[in-house]
Amino acid sequence: MKTISPMELNEKIKKNEDVLILDVRSAEKYESYNINEQNVTSLNIEKTTIFSLNDNNMDQISSLPKNKELIITCTTGNSARKCAEILSEKNYNVMLLEGGITAWKEFKSN
């Protein structure tokens, strides 16, 4: 599983790279805080949706591009890791944000 540190993600953002974040926390947690930076597209699909993916409900993630790197995050990284594994099996190009939103917030506050 490929990972990216908060510092590396910040560098991508500073270089104006097109970044796509998939946040798998609850909608309430996502609304209270998410990675909202210039050149960042941040999407929220709750982990329970991804955990229950099968051939009958793939349309719930059909908006996610398979040809673009998805940086997946949650609160600390545990749920995101499981979601990344599932999406990787579905041929998505995924990368895990090390430490999740908790690590990102800590990095941004320094």
Side-chain angles (χ1 to χ4, degrees):
M1 174 79 47
K2 292 190 295 184
T3 62
I4 187 169
S5 72
M7 185 168 58
E8 291 167 327
L9 175 57
N10 194 58
E11 286 303 311
K12 279 182 170 278
I13 293 168
K14 280 183 177 178
K15 291 178 182 175
N16 291 324
E17 292 183 30
D18 190 17
V19 175
L20 177 57
I21 305 288
L22 175 59
D23 193 318
V24 298
R25 296 175 300 148
S26 69
E28 295 80 25
K29 287 182 179 179
Y30 177 79
E31 288 301 320
S32 70
Y33 184 90
N34 61 71
I35 300 175
N36 184 12
E37 304 275 337
Q38 188 173 355
N39 300 318
V40 172
T41 301
S42 181
L43 305 171
N44 177 232
I45 299 176
E46 292 188 29
K47 64 185 174 189
T48 53
T49 299
I50 295 171
F51 291 169
S52 65
L53 279 181
N54 59 43
D55 292 339
N56 296 327
N57 64 355
M58 284 296 291
D59 59 317
Q60 294 175 318
I61 62 164
S62 62
S63 63
L64 299 175
K66 287 192 174 184
N67 62 343
K68 189 171 181 178
E69 191 170 71
L70 300 174
I71 299 172
I72 303 181
T73 191
C74 63
T75 302
T76 61
N78 295 328
S79 296
R81 180 175 302 280
K82 186 172 180 184
C83 290
E85 289 169 359
I86 292 167
L87 292 171
S88 181
E89 290 172 4
K90 305 284 184 194
N91 298 317
Y92 285 89
N93 182 11
V94 297
M95 183 177 280
L96 185 66
L97 178 60
E98 296 170 355
I101 291 294
T102 302
W104 175 258
K105 285 168 76 172
E106 186 176 312
F107 172 78
K108 292 302 278 185
S109 68
N110 291 333

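Because only heavy atoms are used, hydrogens play no part in the values below, and waters and symmetry mates are left out as well, while side chains stay in. Source: prediction; values computed, not measured.
In the hydrophobic clustering of this structure, I21 does not group with I45; members are Ile, Leu, Val, Met, Phe, Trp, Tyr whose side-chain heavy atoms approach within less than 4.5 Å, directly or through other members. Follow the hydrophobic side-chain contacts under 4.5 Å out from V40 and you reach W104 in the same cluster. Note on I35 and I72: separate hydrophobic clusters, where clusters join Ile, Leu, Val, Met, Phe, Trp and Tyr whose side-chain heavy atoms are under 4.5 Å apart, directly or indirectly. Using a 4.5 Å cut-off between side-chain heavy atoms of Ile, Leu, Val, Met, Phe, Trp and Tyr, with links allowed through other members, V19 and L96 fall into different hydrophobic clusters. Residues V94 and L20 fall within the same hydrophobic cluster, defined by Ile, Leu, Val, Met, Phe, Trp and Tyr side chains chained together at heavy-atom separations under 4.5 Å.
Separation of atoms CE (M95) and OG1 (T3) is listed at 7.0 Å; rounding is to 0.5 Å. Rounding to the nearest 0.5 angstrom, the gap separating the OG1 atom in T102 from the CG atom in L97 is 10.0 Å. Here the CG-CD1 distance, from L22 to I71, works out to 10.5 Å after rounding to the nearest 0.5 Å. For the atom pair OG1 of T73 and CG of L9, the computed distance is 9.0 Å after rounding to the nearest 0.5 Å. Rounding to the nearest 0.5 Å gives a distance of 9.0 Å between OG of S5 and CG of N10. Rounding to the nearest 0.5 angstrom, the gap separating the NZ atom in K68 from the CG atom in D18 is 3.0 Å.
With sequence neighbours left out, the side chain to side chain donor-acceptor pair (under 3.5 Å) criterion links E11 to no other residue. Legend: residues meeting side chain to side chain donor-acceptor pair (under 3.5 Å) with T41, ordered by chain and number and at least two apart, are absent. Residues passing the side chain to side chain contact (heavy atoms under 4.5 Å, CB included) test with R25, sequence neighbours excluded: D23, K29, Y30, N34, C74, T75, I101. Looking at residues two or more places apart in sequence or on another chain, you find no side chain to side chain donor-acceptor pair (under 3.5 Å) involving K66.
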Trace of the side chain to side chain contact (heavy atoms under 4.5 Å, CB included) decision for E31 with N44: CA-CA 9 Å; E31 288 301 320; N44 177 232; over 6 Å; no

Quick one: do E69 and K12 satisfy side chain to side chain contact (heavy atoms under 4.5 Å, CB included)? Show the steps, please. CA-CA 12 Å; E69 191 170 71; K12 279 182 170 278; 3.5 Å; yes

Less than 3.5 Å apart, which donor and acceptor atoms pair up between the side chains of residues 76-88 and the rest of the protein, not counting sequence neighbours?
unit_1	atom_1	unit_2	atom_2	d
S79	OG	K47	NZ	3.4

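A salt bridge (charged side-chain N to carboxylate O under 4.0 Å, His left out) check over residues 96-110, counting only residues at least two apart or in different chains, returns the pairs E37-K108.
When the shell of 6.0 Å around CE of M1 is examined, it contains more than 12 heavy atoms from other residues, nucleotides or ligands.
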